[in-house]
Amino acid sequence: MRVQMRIRSVGVALRFAESVLLAPGQRHARRNAWAAVCENRQYAADRRHDDAAARTAQPRPVRR
């Protein structure tokens with residue numbers, strides 16, 4: 001069985017080679033990016049929670 005593929009341009013050939021060679025690295029990069037997104041969301045949620053708690057807290061009297 002012989003598979004023939006006609007490459008329309010050098011750019012298409014380079015993109016194809018890049019996708020084949022870098023596929024595992026791209027998956028790893030996507031996982032890292034998604035982990036960073038989840039971490040940023042958690043950080044933002046914590047900040048919102050802290051801000052809400054600070055607004056409802058009673059101010060301390062100033063002692064002089």
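In terms of heavy atoms, Ala53 sits closest to Thr56 at O-OG1, 3.1 Å.
Summarising the geometry, atom CD belonging to Glu18 is positioned 6.5 Å from atom CD belonging to Gln26; distances are rounded to the nearest 0.5 Å. Atom CG of residue Asn32 and atom NE2 of residue His28 lie 4.0 Å apart, to the nearest 0.5 angstrom.
Using a 4.5 Å heavy-atom threshold, the side chains of Arg27 and Pro24 count as touching.
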